[in-house]
K.L.:
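Submitted below is the structure of interest, expressed as structure tokens.
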Amino acid sequence: MEDFDIVIIGGGASGLIAAGRAAELGAGVLLLEHKSKPGRKLAITGKGRCNLTNSAELPEFLNHFHPNGRFLRNSFSRFFKTELVSLLERLGIETVEERGGRIFPKSGKAPEVVEALVNWVRKKNVNILTNTAVCEFLIKGDSIHGVKACPVKWQKNKIIPDQKKLTTYTSKKVILATGGLSYPATGSTGDGYRLAKTIGHTVVPPRPALVPIEVNKKQIHGLDGLDLRNIEISLWIDGKKKDSAFGEMSFTEFGLSGPVILTISHQVVDALLNNAEVVIKLDLKPALDHKKLDLRLLRDLENNNQKSIQKILKGLLPNKLVPYCSHRLNIPLDRKANEITAKDRKSLRLWLKEIPFEVLGYRPFSEAIVTSGGVRIQEISPKTLASRVMSNLYFAGEVMDIQADTGGFNLQAAFSTGYLAAESAVGALSETD
Ligand SMILES: Cc1cc2nc3c(=O)[nH]c(=O)nc-3n(C[C@H](O)[C@H](O)[C@H](O)COP(=O)(O)OP(=O)(O)OC[C@H]3O[C@@H](n4cnc5c(N)ncnc54)[C@H](O)[C@@H]3O)c2cc1C
């Protein structure tokens, strides 16, 4: 049996920051990580470039969390984007701001961020045990006094625990930083939900979020691999328009993906789970209202009246959409512009503004960037991130029911909650019974 001030379960973004901060404040820290290395997910974030945070001001920042970011106010007031950027600078990581306020390491290399954090944690004398999975809490009355953990092996991303070698680690405080369920190959097994439930916490059912969407395959035939920019999508649930988003999207083998689709995906998932009818409509010409678009079509048709509709569509659409449009509208590609009727022109205009896709499902956790759901935040103090159910326990990161849009918001939440959980746990060390 080994004894520590603080045991941290999970060496991801939130666990690493928590470990470094707690040790910086003088605590004896043990960090337990069941993968062979800490920070596996962090190392692949932002397509390997790590979108660390965002330059948005606090009110806008909070608006990117769903259902809302109020719970995170205290975490952000203690450790926000400026503090994160200066901590990383001290660790040798310079950052740059890109389009949409997204902040990345200047090197564009996520693994360098992981390396800097792990080196920092090691320098602060944190004990890091990898290939070690926490399987239970040690409980006395209504407080936690440590954890039981065992060595694990991984075979084809399947965890094989060696229960015979169960070891007890006692501690005054425990921080649960096990993340969610998305990209399970990075270590997100959902263990934190199971652990939290064993001590009476409620877990809001986890659902994939920031996840690609599956649509009626007939409606995307021939479009796999097509990327669109400057488009607008609108989300329709049971016939009512619920949301819209402007930006980029792409077509996949199964349906739709890309930033605008990921942004609305949590609403799609929840609507489908409620058996609602979901339709996504694509506006290829969001800068033109119906009147302006009609004038543009009229002009194109009149100026090129001897040319085929194929030539005219090529001026309006990416190549892959040209035969698709002709098929959907039943207008042969070799039809001459001067043979296009007012009715054809109207159906083309309506199609360009509202291409409907019947949503049938969503991709699994293995393709979801984050998990929505998790430990119910009403059971956690937003001031300290301490459990309201069990003393000596704190939460950090995605294991809680918090999730945000893409843009660096999720990582900032993980870093900020890790930092606050560590400060709260260290601050309460003397109160431990
Ligand atoms: C492909 C991808 C790209 C992303 N890109 C971005 C981005 O650019 N910007 C952004 O803001 N967000 C991004 N995210 C989201 C972001 O990575 C997560 O929100 C963030 O990592 C959550 O941090 P965390 O510490 O809560 O969990 P994690 O980083 O998942 O860490 C949890 C750790 O706990 C360990 N663990 C779990 N159970 C146990 C156990 N029983 N015992 C021991 N260890 C355990 C896991 O192995 C893991 O290392 C991305 C996510 C994915 C999947």
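Computed from heavy atoms alone, side chains included, the values below leave out hydrogens, waters and symmetry copies. Atoms within a ligand are numbered from 1 in the order they appear, just like the ligands themselves. What you see is a predicted model; the values in this text were computed from it and never measured.
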K.L.:
Testing Lys281, Arg349, Lys241, Arg328 one by one against Glu354 for a salt bridge (charged side-chain N to carboxylate O under 4.0 Å, His left out), which residue passes?
P.N.:
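Testing each of Lys281, Arg349, Lys241, Arg328 against Glu354, the sole residue satisfying salt bridge (charged side-chain N to carboxylate O under 4.0 Å, His left out) is Lys281.
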K.L.:
Among all residues two or more places apart in sequence or in another chain, which pass the salt bridge (charged side-chain N to carboxylate O under 4.0 Å, His left out) test with Arg40?
P.N.:
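Result, salt bridge (charged side-chain N to carboxylate O under 4.0 Å, His left out) vs Arg40: none returned.
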K.L.:
Apply side-chain hydrogen bond (donor to acceptor under 3.5 Å, both in side chains) to Tyr419 and list each qualifying residue two or more places apart in sequence or on a separate chain.
P.N.:
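With neighbours one apart ignored, the set is Arg21.
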K.L.:
Going by the rule side-chain hydrogen bond (donor to acceptor under 3.5 Å, both in side chains), which residues pair with His201 if we only count those two or more places apart in sequence or in a different chain?
P.N.:
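Once residues adjacent in sequence are excluded, the partners of His201 under the side-chain hydrogen bond (donor to acceptor under 3.5 Å, both in side chains) criterion are Glu379, Ser387.
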K.L.:
Distance under 4.0 Å, heavy atoms only, partner ligand 1: which residues pass?
P.N.:
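Within 4.0 Å of ligand 1, the protein residues are Ile9, Gly10, Gly11, Gly12, Ala13, Ser14, Leu32, Glu33, His34, Lys35, Lys41, Ile44, Thr45, Gly46, Asn51, Thr132, Ala133, Val134, Ala177, Thr178, Gly179, Tyr183, Thr186, Gly187, Ser188, Thr189, Asp191, Ile369, Val370, Gly397, Glu398, Gly408, Phe409, Asn410, Leu411, Ala414.
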K.L.:
Mind checking whether Phe61 and Phe65 have parallel, tilted or perpendicular rings, split at 30° and 60°?
P.N.:
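The arrangement is parallel - the two ring planes meet at less than 30°.
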K.L.:
Quick one: do the Thr170 and Asp3 side chains pair a donor with an acceptor below 3.5 Å?
P.N.:
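Looking only at side-chain atoms, Asp3 and Thr170 do form a donor-acceptor pair, the distance falling under 3.5 Å.
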